[in-house]
Colleague: 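Here you go, one structure.
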Amino acid sequence: MTDNTTAHKLLQAFMQFNKAEWNRRTIEGHKPSEMTVMFCIKKKMKPNTPGMMVSEISSLLHVTSPTITQLIKGLETKGLVERTIDPSDRRAVRIKLTDKGGKVTAKAEAVFNLSFNGLISYLGEEESNLLADLLFKVFTYYKENPVCLEDIESSGDDEA
């Protein structure tokens with residue numbers, strides 16, 4: 001059984017972390033979801049190819065193709081990505097960053113690096129490594145122990 005003081009302290013820490021909104025910051029008005037798609041394209045697009053297919057991006061990001069398609073439409077409207085017909089398969093559409101998209105992505109990468117380097121300086125190397133280890137451990141816990149409403153309702157602990 002978990003000590004209520006520890007549970008309360010952990011909950012408060014999570015709430016404070018959420019308030020920091022470190023993962024919701026925008027770069028030049030671009031949402032984190034848009035930046036994630038652009039980073040994916042930048043990091044995973046093979047050189048000398050016409051771009052990535054929506055299905056590749058959705059698979060890498062573990063989201064549905066319609067979700068990626070909507071994000072791509074917005075990025076295309078902003079001039080950050082472009083769609084082209086695959087020259088070897090005219091039915092396929094390829095997505096790649098425009099020059100503007102490349103510049104925005106490079107700027108975002110610089111901002112993220114500055115932020116994380118600042119955090120490492122603030123915490124020190126030992127605490128930074130400890131934080132990284134703990135975050136991996138938290139991820140593993142939640143991945144291996146999903147909780148859903150049905151679990152709570154079937155536990156018989158409800159007082160309804």
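Keep in mind it's a predicted model, so treat the numbers as computed, not measured. Along the sequence shown, residues are numbered consecutively beginning with 1.
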Colleague: So, do Leu80 and His30 sit near enough that their side-chain heavy atoms are less than 4.5 Å apart?
Modeller: yes
Colleague: Nearest 0.5 Å please: distance from the CE atom of Met38 over to the OG1 atom of Thr105.
Modeller: 4.0 Å
Colleague: Under a 4.5 Å side-chain heavy-atom rule over Ile, Leu, Val, Met, Phe, Trp and Tyr, are Val138 and Phe116 clustered together?
Modeller: no
Colleague: Provide the closest heavy-atom pair for Cys40 versus Ile57 in the form atom of the first, atom of the second, distance.
Modeller: SG-CG2, 4.2 Å
Colleague: Rounded to the nearest 0.5 Å, what separation is found between the OG1 atom of Thr67 and the NE2 atom of His62?
Modeller: 14.0 Å
Colleague: Using the rule given for side chain to side chain contact (heavy atoms under 4.5 Å, CB included), can you reason through Ile95 versus Met53, listing the C-alpha separation, both sets of side-chain angles and the distance that settles it, and then say yes or no?
Modeller: CA-CA 6 Å; Ile95 313 296; Met53 295 191 331; over 6 Å; no
Colleague: Mind running side chain to side chain contact (heavy atoms under 4.5 Å, CB included) on Val104 and Lys78 for me, showing each step along the way?
Modeller: CA-CA 11 Å; Val104 169; Lys78 294 177 180 181; over 6 Å; no
Colleague: Donor-acceptor check, side chain of Gln16 to backbone of Ala13, threshold 3.5 angstrom: yes or no?
Modeller: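 No, the answer is negative, given that no donor and acceptor are paired below the 3.5 Å cut-off.
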Colleague: Can you tell if the side chain of Asp86 reaches within under 4.5 Å of the side chain of Arg91, non-hydrogen atoms only?
Modeller: no
Colleague: Rounded to the nearest 0.5 Å, how far does CD1 of Ile68 lie from NZ of Lys73?
Modeller: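 Atom-to-atom, Lys73:NZ and Ile68:CD1 are 13.0 Å apart.
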Colleague: Find the distance between CG (Leu130) and CG (Leu134) and round it off to the nearest 0.5 Å.
Modeller: 4.5 Å
Colleague: Between Glu82 and Lys100, does at least one N-O distance fall below 4.0 Å, as a salt bridge requires?
Modeller: no
Colleague: Report yes if the side chains of Lys44 and Met52 come closer than 4.5 Å at any heavy-atom pair, otherwise no.
Modeller: yes
Colleague: Would you find a donor on one side and an acceptor on the other, under 3.5 Å apart, between the side chain of Ser115 and the backbone of Val111?
Modeller: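 Not at all, since once roles are kept as given, no pair shorter than 3.5 Å links the two residues.
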Colleague: Would the Phe136 and Tyr141 ring centres measure less than 6.0 Å apart?
Modeller: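 No, ring centres 6.0 Å or more apart.
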Colleague: Does a donor on one side chain sit under 3.5 Å from an acceptor on the other, for Ser58 and Ser65?
Modeller: yes
Colleague: Using a 3.5 Å distance criterion without hydrogens, assess whether the side chain of Ser121 forms a donor-acceptor pair with backbone atoms of Asn117.
Modeller: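 Yes, the answer is positive, given that a donor and an acceptor are paired below the 3.5 Å cut-off.
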Colleague: Distance check, rounded to the nearest 0.5 Å: Leu119 atom CG versus Leu114 atom CG?
Modeller: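 Rounded to the nearest 0.5 Å, the CG-CG separation comes out at 11.5 Å.
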Colleague: Using every non-hydrogen atom in the two residues, find where Thr84 and Pro50 come nearest and quote the distance to one decimal.
Modeller: OG1-O, 3.6 Å
Colleague: Check whether any side-chain heavy atom of Lys96 sits under 4.5 Å from a side-chain heavy atom of Arg83, and report yes or no.
Modeller: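 Lys96 vs Arg83: side chains apart.
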Colleague: Are the side chain of Glu127 and the backbone of Gly124 linked by a donor-acceptor contact shorter than 3.5 Å?
Modeller: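 It does not hold such a pair.
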Colleague: Measure across Glu56 and Gly51 and return the closest heavy-atom pair with its distance rounded to 0.1 Å.
Modeller: OE1-O, 4.4 Å
Colleague: I'd like to check Val54 versus Val93 (side-chain heavy atoms, cut-off strictly below 4.5 Å). Are they in contact?
Modeller: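 SC-SC contact between Val54 and Val93 ruled out.
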Colleague: Would you say the side chain of Glu109 lies within less than 4.5 Å of the side chain of Lys43, judging by non-hydrogen atoms?
Modeller: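 Yes. Closest side-chain heavy atoms under 4.5 Å.
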Colleague: Does Phe139 share a hydrophobic cluster with Val147, counting links as ILVMFWY side-chain heavy atoms below 4.5 Å and allowing steps through other members?
Modeller: no
Colleague: Taking atom OG1 of Thr36 and atom CG of Leu60, what is their separation to the nearest 0.5 Å?
Modeller: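 One gets 12.5 Å once the value is rounded to the nearest 0.5 Å.
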Colleague: Are more than 12 heavy atoms, taken from residues, nucleotides or ligands other than Gln12, located less than 6.0 Å from that residue's CD atom?
Modeller: yes
